[in-house]
Every structure is written in C-alpha cells, then in structure tokens.
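Heads up: the structure comes next, in structure tokens.
One-based numbering, in listed order, for ligands and for the atoms of each.
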Amino acid sequence: MIFVTGGAGFIGANFVLDWLAANQEGVVNLDKLTYAGNLHNLSSLDGDARHVFVQGDIGDTALLGRLLAEHRPRAIVNFAAESHVDRSIHGAEDFIATNVVGTFRLLESVRGYWSALAAAEKAAFRFLHVSTDEVYGSLAPDAPAFTEDHVYEPNSPYSASKAASDHLVRAWHHTHGLPVLTTNCSNNYGPLHFPEKLIPLMIVNALAGKPLPVYGDGQQVRDWLYVSDHCGAIRRVLEAGRVGETYNVGGWNEKANLSIVHTVCDLLDELSPRADGQSYRAQITHVADRPGHDRRYAIDARKIERELGWRPAETFDSGIRKTVAWYLAHPDWVRDVQSGAYREWISAQYAQGGAA
Ligand code: NAD
Ligand code: DAU
C-alpha cells in the first residue's frame with residue numbers, strides 16, 4: 001500500500017479518492033485533522049477496507065514508526081502542511097512546526113524504515129514530497145515562467161517553510177540516499193477546497209450576499225490547475241519520475257485575480273442568479289493588500305510533459321464551471337466546514353477591511 005499524509009485536506013482527499021477509484025492498492029491516510037482536515041471529504045470511502053485512516057501528526061515519531069512497521073508501504077506521498085499564506089502572516093508557528101519540523105521527522109522515520117528494507121523493496125521505494133511554486137518567489141510581468149532550475153526566493157512565512165521542507169527532502173536524498181521526488185505545483189482549484197482560499201471564498205461569500213474581498217488592485221497573477229490534474233501529475237511522477245528530481249506542475253493558465261472573480265460571478269449569475277436580478281459582480285470590494293503579496297506566479301511545465309507525458313486534461317472554462325456547480329450542489333459540505341473556528345478566522349482576517 002501507499003502512505004499518504006494530509007489526505008483529509010483539499011488536494012490530499014481528492015488524491016485519495018482518485019487513487020482508490022483507479023487502483024486496488026490501499027492507502028494509509030495519516031492526517032492531524034486541523035481546521036483544514038475534514039473526514040466528510042472521505043465519507044464515500046466508509047467501509048472500504050482499502051482505506052485506513054489514522055488521526056495523527058507527521059511530527060509524531062513514535063506513531064510514524066508504528067504505522068510504517070505495521071503497514072509496510074512502498075511509497076509515501078506527503079501532502080500534510082499548513083497551506084494558507086494569510087494565516088502564516090498572522091502566525092507562523094504552526095507552519096514551522098508542521099512544514100519544517102514535521103517534514104524533518106517524517107523524513108527521519110521513513111529513512112529508518114526504508115534503510116531496513118530488503119534490496120528490491122528498497123530500490124523500488126519512493127518518498128514523494130508535494131510542494132508549491134511559491135518557493136520560487138514573485139515574477140516580473142514579462143519574465144519567463146518558473147523552471148525547475150529557478151532560484152528559490154520565498155517571500156511569505158508559508159513559502160519559506162515549504163522551501164525549507166524542499167531543501168530537507170533534497171538533502172535526505174543527497175546525504176542519505178532516500179529515493180525522493182518533489183513536485184512544485186501552481187494554484188489548485190476544484191471540489192473540497194476550503195473556503196478561506198480565493199475561489200471557494202468568492203463562491204460562498206457571493207451566495208451568502210457578502211462582500212467579495214479582492215486584495216489591492218486584483219491584478220496579481222496566478223497559474224490555475226484543476227485539482228484532479230494535479231492528482232494525475234502526482235500519480236505519474238510516483239510511477240515514473242526520476243529519483244532525486246523535481247517536477248514543476250502547472251495549468252498553462254495564468255489569470256489575474258480580478259478576472260477569476262469576474263468569471264465566478266458570471267457563472268453564478270447563470271447558474272444561481274441573485275433574486276434582485278443584479279450581477280454578483282456588484283458584491284466585489286477592493287480591500288487592503290496582503291503584506292508582501294507576490295505579484296505573479298507562472299509554471300513552465302515542459303519537463304513533466306517531456307519526460308513523463310503529463311499535461312493537464314481540464315481547461316479552465318470546464319474546470320471552473322464544474323467547481324462552481326460542485327459548490328452549488330453541496331451546501332451541506334459548505335455549512336459543515338463553516339464552523340465556529342472558520343467564522344473566527346474570517347472575522348479576524350477581514351474585519352479591518354483587508355488582508356493587512
Ligand atoms: P489543506 O490545508 O487543504 O490540507 C492540509 C491537510 O494536512 C489537512 O487535512 C490537515 O489536517 C493536514 N495536516 C496539517 N498539519 C498536519 C500534521 N502536522 N500532521 C498530519 N496532517 C496535517 O492543503 P492543500 O491545499 O490540500 O495542500 C496540500 C499540499 O499541497 C500542501 O503541502 C501544500 O503546500 C501543497 N500545495 C497546495 C497547492 C494549492 O493550491 N492548494 C498548490 C501547490 C502545492
Ligand atoms: O501557488 C500555489 C499556492 O496557491 C499554494 O502553495 C498555497 O497552499 C495555496 O493556498 C495558494 O496560495 P495563494 O496565496 O496564491 O492562494 P489564495 O487562494 O490564498 O490567493 C489567491 C490569490 O487571491 C492571491 O493573489 C491572493 C488573492 N486573494 C485571496 C483571498 C483569500 C484575494 O484577493 N482575496 C482573498 O480574500
């Protein structure tokens with residue numbers, strides 16, 4: 001079986017669901033169930049013996065040792081992280097604890113397990129670390145997209161913690177020979193996305209009649225990838241990626257934030273129009289910018305295409321339509337994740353009129 005961490009979060013849960021839809025091979029899923037982890041994301045797997053869920057921390061060395069010895073996985077896929085940039089600005093402690101110290105402890109535990117495997121299992125073993133394009137920092141408007149050779153220039157506490165984790169993974173390969181793979185992906189969107197991130201926040205706020213808070217001028221550019229395409233890229237890298245290599249994953253889909261918000265509003269106007277006949281665009285509000293806000297990310301995904309034949313299958317038009325339709329069809333999921341803790345975060349983050 002494979003051992004997934006953070007598999008109750010947005011991308012991890014999509015990955016586990018896609019994996020078990022396509023494979024008989026089981027998944028051990030270790031997730032701490034922070035505010036971002038949600039077992040409802042996995043409820044369709046209730047009673048499926050191929051899925052073993054364990055609530056726990058990637059920093060818990062004793063637990064890791066027990067789980068690795070019991071389940072003897074052939075691969076690790078490490079999604080577990082604190083993932084929201086704005087939260088890392090408010091407080092970075094959890095980001096250092098999980099993204100840096102947690103990754104270190106996971107690497108050490110896995111190294112202990114891997115080094116005792118028989119030769120054939122040892123050679124076939126993989127540790128895949130899921131990372132982000134944010135480690136490369138911000139691009140000028142006309143600069144070429146990030147290749148795997150781009151210098152690391154993280155600008156937020158979140159991206160600095162992910163950069164640190166990437167360096168640890170690299171070092172465990174170069175120093176200890178651990179067979180690692182790293183993927184650096186652009187912005188994902190799709191079902192199960194926690195509504196603190198741009199696209200799901202805009203959908204749920206629009207439907208609730210609330211302001212749609214656009215940071216600064218809204219001209220910051222991100223490269224958007226539908227989540228199932230990211231999951232497919234990870235499966236492909238796990239299957240055939242060259243040990244020790246990094247693969248950038250992106251959607252060839254650069255868009256300014258304001259244009260994303262307009263698209264979401266237009267789709268909602270079509271699929272769930274406002275009772276007063278006005279467009280949801282009327283709810284757009286420009287608020288204070290995010291401190292240290294990176295202006296542009298863009299991924300050059302030619303290496304993964306050239307070496308592994310991966311390209312995104314979903315266009316932005318089809319992916320964003322599916323996403324909006326998914327949120328409209330799942331009001332219960334939205335209500336469940338909007339717990340007291342969620343409400344506290346939203347009021348702290350936006351109370352002063354912005355992200356500052
Ligand atoms: P998420 O915040 O939705 O989910 C993170 C999951 O990790 C949650 O289920 C949480 O409970 C779990 N977790 C947190 N700390 C843990 C710990 N100490 N031990 C075990 N589990 C823990 O994040 P996501 O958007 O699904 O991102 C998953 C991974 O992909 C992260 O590593 C992130 O850096 C990376 N990534 C995300 C994006 C994106 O656009 N969302 C893009 C590129 C890379
Ligand atoms: O690039 C990959 C990264 O994408 C991942 O590593 C992160 O885990 C993930 O959260 C995401 O980071 P971003 O900061 O790009 O995503 P977010 O959805 O928070 O913001 C997207 C853009 O929208 C960004 O420029 C900030 C802006 N924004 C965001 C929010 C929440 C707003 O204008 N208003 C908002 O309310």
Sub-4.0 Å atoms of ligand 2 with respect to non-hydrogen atoms of [X]:
X      : result
Leu201 : 36 (O)
Pro213 : 32 (C), 33 (O), 34 (N), 35 (C), 36 (O)
Val214 : 33 (O)
His293 : 24 (C), 25 (O), 26 (C)
His84  : 19 (O)
Lys197 : 10 (O), 18 (O)

Check the pair Asp269, Ser279 against side-chain hydrogen bond (donor to acceptor under 3.5 Å, both in side chains), reporting the backbone distance first and the verdict last. CA-CA 6 Å; Asp269 288 342; Ser279 169; 2.7 Å; yes
Walk me through whether Glu254 and Tyr297 qualify under side-chain hydrogen bond (donor to acceptor under 3.5 Å, both in side chains). CA-CA 8 Å; Glu254 285 185 60; Tyr297 304 139; over 6 Å; no
Looking only at atom types and distance, does a side-chain atom of [X] sit under 3.5 Å from a main-chain N or O of [Y], one as donor and one as acceptor?
X      : Y      : answer
Ser88  : Tyr158 : yes
His286 : Gly216 : yes
Arg236 : Trp310 : no

Please output the residues near ligand 1 using a strict heavy-atom distance under 4.0 Å, listed in chain and residue-number order.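 The answer is Gly6, Ala8, Gly9, Phe10, Ile11, Asp31, Lys32, Leu33, Thr34, Ala36, Gly37, Gly56, Asp57, Ile58, Phe79, Ala80, Ala81, Ser83, Thr98, Val130, Ser131, Thr132, Tyr158, Lys162, Cys185, Ser186, Asn187, Asn188, counting any residue whose heavy atom sits under 4.0 Å from ligand 1.
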Quick one: closest heavy-atom pair of Asp94 and Glu82, and the distance? O-CG, 3.6 Å
Check the orientation of Trp345 and His90. Use parallel for under 30°, tilted for 30 to 60°, and perpendicular for over 60°.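 Taking His90 first and then Trp345, their aromatic rings stand perpendicular (interplane angle over 60°).
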Salt bridge check, Glu121 against Arg74: does any charged N sit closer than 4.0 Å to a carboxylate O?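 No, this pair does not count.
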For Arg50, is there an ion pair with Glu25 - N to carboxylate O distance below 4.0 angstrom?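 So Glu25 does not pair with Arg50 through a salt bridge.
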Leu201 versus Glu196: any side-chain heavy-atom pair under 4.5 Å?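 With C-beta onward as the side chain, the pair stays apart.
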[atom]: nearest protein contact (heavy atom, Å):
atom                    : result
atom 9 (C) of ligand 2  : Ser83 O, 3.9 Å
atom 31 (C) of ligand 2 : Glu196 O, 3.3 Å
atom 14 (O) of ligand 2 : Arg290 NH1, 2.6 Å
atom 3 (C) of ligand 2  : Glu134 OE2, 3.0 Å
atom 29 (C) of ligand 2 : Tyr215 CE1, 3.6 Å
atom 1 (O) of ligand 2  : Asp133 OD1, 2.5 Å
atom 5 (C) of ligand 2  : Tyr158 OH, 3.6 Å
atom 4 (O) of ligand 2  : Asn187 ND2, 3.1 Å

Judging by distance only, is a nitrogen or oxygen of Thr132 under 3.5 angstrom from one on ligand 2?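 Among all N and O atoms of Thr132, at least one is under 3.5 Å from an N or O of ligand 2.
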Examine Leu198 against ligand 2 and note whether any of their N/O atoms are separated by less than 3.5 Å. yes
Does Lys122 make a cation-pi contact with Trp114, if we ask for NZ or CZ under 6.0 Å from the ring centre and within 45° of the axis?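 Yes, Lys122 sits over the ring of Trp114.
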For Ser186, which part has a heavy atom under 4.0 Å from ligand 2: side chain, backbone, both, or neither? backbone
Is it the side chain (CB and beyond), the backbone, both or neither of Arg222 that lies under 4.0 Å from ligand 2, heavy atoms counted?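 Answer for Arg222: side chain.
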Looking at Asp166, Asp133, Thr132, which one forms a side chain to side chain donor-acceptor pair (under 3.5 Å) with Asn184? Asp166
Could you go through the ring-ring contact (aromatic ring centres under 6.0 Å, His included) check for Tyr327 and His193 one step at a time? CA-CA 9 Å; Tyr327 281 87; His193 205 180; 7.9 Å; no
Trace of the side-chain hydrogen bond (donor to acceptor under 3.5 Å, both in side chains) decision for Tyr215 with Asp86: CA-CA 11 Å; Tyr215 296 164; Asp86 292 327; 2.7 Å; yes
Could you check Lys197 against Ser83 for side-chain hydrogen bond (donor to acceptor under 3.5 Å, both in side chains), going step by step and ending with a plain yes or no? CA-CA 10 Å; Lys197 309 282 169 64; Ser83 70; 2.9 Å; yes
